[in-house]
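One structure is given below, encoded as structure tokens.
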Amino acid sequence: MPELPEVETVRRLLEPALAGRRIVAAEILDSRLTRPFAPGLVATELVGQHVVAVQRRGKYLSIVFESGRVLLVHLRMTGSFRVAPRGSYSPSAHRRAVLSMDNGSDVAYRDVRRFGTWELFEPGELDPYLEARLGPEPFARTVTGHWLVERLSGRRAPLKAVLLDQRVLAGLGNIYVDEALWRARLHPLRPASSLGLAEGTSIVRAVRAVLRLGISRQGATLRDYVAPDGDEGAMQDEFRAYGREGEPCDRCRAPLARIVVAGRGTTFCPRCQPEP
DNA sequence: AGGTGGACCCGAACGC
DNA sequence: TGCGTTCGGGTCCACC
């Protein structure tokens, strides 16, 4: 499930493969990918575009062209890229698109569940789109314990629900929220507005720590996630909470518990993360 | 207005 | 063994 660390890993591998290159052919095989626009139309617009950068904002990837246009990609749950020399890779099930670059490499996009999206933006359109949907990057200097406590004041929703809200902080998903709450020793059902300054500070610290660890392990590979070079991540070996229901807590040995919060499976330590 | 739950999608895991 | 059912997960949208 690509969250910030997985998307950042993809970005880091995609950028050197794409920047400075021109798209010489584009094939989009799934009409859902570019909805509501016809795939053929988008493919035609992509041909000839010259890539200058690949950027990340939250869980979004943007492929920035010299023309000022931007292809905004969201991998959702099962989207992945594969960069390889043309003809060197075998056709894969669930391939949804292929971009052929002017240096002879192909960028193949695969998405089992077809939730991912490709959207082409005209110059100047992207920033307002992202600003309407996303809060600050978790590593931004403006993000402090004090800022978070202020931001959450008046919100009765469970702590976990607000951390999953991309308008609060950009880039967290189910996995890294569970990991961060375990580290911060905070119960996922704590009302968001009940946080004190020390707790806000420890959330910010925990969120950054798990994201940094995730990036350094090149993401977590559970089912479908692979980096563009075909490598799997290793973050799944570092999980302290996510997916470990019933296993002993690494801090206190109490069995980890599982509940549903904001419609999401949530694993936590009932002893280290005390009931609100 | 803020919060919750369903829709979207499909393979894997589970239950009988 | 084979079939049907449930689950998950990010975002949007309808509804409370």
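The model shown is predicted, which means the values in this text are computed figures rather than measured ones. Proteins get letters first, then strands, A, B, ... in listed order; numbering begins at 1 in each.
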* Interatomic distance where CG belongs to A:Leu75 and C1' belongs to C:dG8 [whole Å] -> 17 Å
* Shortest side-chain distance from A:Tyr242, nucleotide among B:dG3, C:dG8, C:dT11 -> C:dG8
* Asked: Is the phosphate of C:dG10, meaning OP1 or OP2, less than 4.0 Å from a side-chain N or O of A:His74?
  -> no
* Has A:Arg155 got a side-chain N or O lying under 4.0 Å from the OP1 or OP2 atom of B:dA1? -> no
* Indicate yes or no for a side-chain donor-acceptor contact from A:Glu6 to the backbone of A:Ala220 under 3.5 Å, with no hydrogens or angles considered. => yes
* Asked: Do A:Arg156 and B:dG3 share a donor-acceptor pair, side chain to base, under 3.5 Å?
  -> no
* Length of the CZ-C1' vector between A:Arg258 and C:dC7, whole Å -> 9 Å
* Asked: Can A:Arg22 and A:His50 be counted as having a side-chain donor-acceptor contact under 3.5 angstrom?
  -> yes
* Could you tell me the separation between the CZ atom of A:Arg56 and the P atom of C:dG10, rounded to a whole number of Å? => 15 Å
* Structure fact -> By nearest-heavy-atom nucleotide on DNA chain B, the more 5' of A:Phe115 and A:Ala262 is A:Ala262
* Can you tell which of B:dG11, C:dT11, B:dC8 lies closest to the side chain of A:Arg113? -> B:dG11
* Determine, using ring centers only, whether A:Trp182 and A:Tyr242 are less than 6.0 Å apart. => no
* Is the shortest distance from a Lys or Arg side-chain nitrogen in A:Glu179 or A:Arg183 to a carboxylate oxygen in the other one below 4.0 Å? -> no
* Which residues in residues 172-184 of chain A have at least one heavy atom lying under 4.0 Å from any atom of DNA chain B? -> none
Identify each donor-acceptor pair in which a side-chain atom of residues 252-271 of chain A lies under 3.5 Å from a protein atom, sequence neighbours left out, and give them as a table.
unit_1: A:Thr266; atom_1: OG1; unit_2: A:Lys160; atom_2: NZ; d: 2.9
unit_1: A:Thr266; atom_1: OG1; unit_2: A:Arg264; atom_2: O; d: 3.0
unit_1: A:Arg271; atom_1: NH1; unit_2: A:Cys252; atom_2: O; d: 3.3

* Atom CZ of A:Arg133 to atom P of C:dT11: distance rounded to whole Å? -> 11 Å
* Gap between atoms CZ and P, on A:Arg35 and B:dA7 respectively (whole Å) -> 15 Å
* To do: Tell me which nucleotide among B:dT4, B:dC9, C:dT11 gets nearest to the side chain of A:Arg32.
  => B:dC9
* Which of the following nucleotides, B:dT4, C:dG8, B:dG11, is nearest to the side chain of A:Ala157? -> B:dT4
* **Ring-face cation contact, A:Tyr129 with A:Arg133, 6.0 Å cut, 45° max** => yes
* Who pairs with A:Ser100 by side-chain hydrogen bond (donor to acceptor under 3.5 Å, both in side chains), at least two apart in sequence or on another chain? -> A:Asp106
* Asked: Rounded to whole angstrom units, what separation is found between the CZ atom of A:Arg264 and the P atom of C:dC7?
  -> 15 Å
* Atom-pair distance (CG on A:Leu61; P on C:dT11), nearest Å -> 12 Å
* Heavy-atom closest pair, residues A:Pro16 and A:Arg11 -> CD-O, 4.5 Å
* Asked: How would you label the contact of A:Arg114 with the nucleic acid (heavy atoms, under 4.0 Å): base, sugar-phosphate, or nothing?
  -> sugar-phosphate
* Asked: Expressed in angstrom and rounded to an integer, what is the separation of A:Asp111 atom CG from B:dC9 atom P?
  -> 12 Å
* C:dG10 phosphate, OP1 or OP2, under 4.0 Å from A:Gln166 side-chain N/O -> no
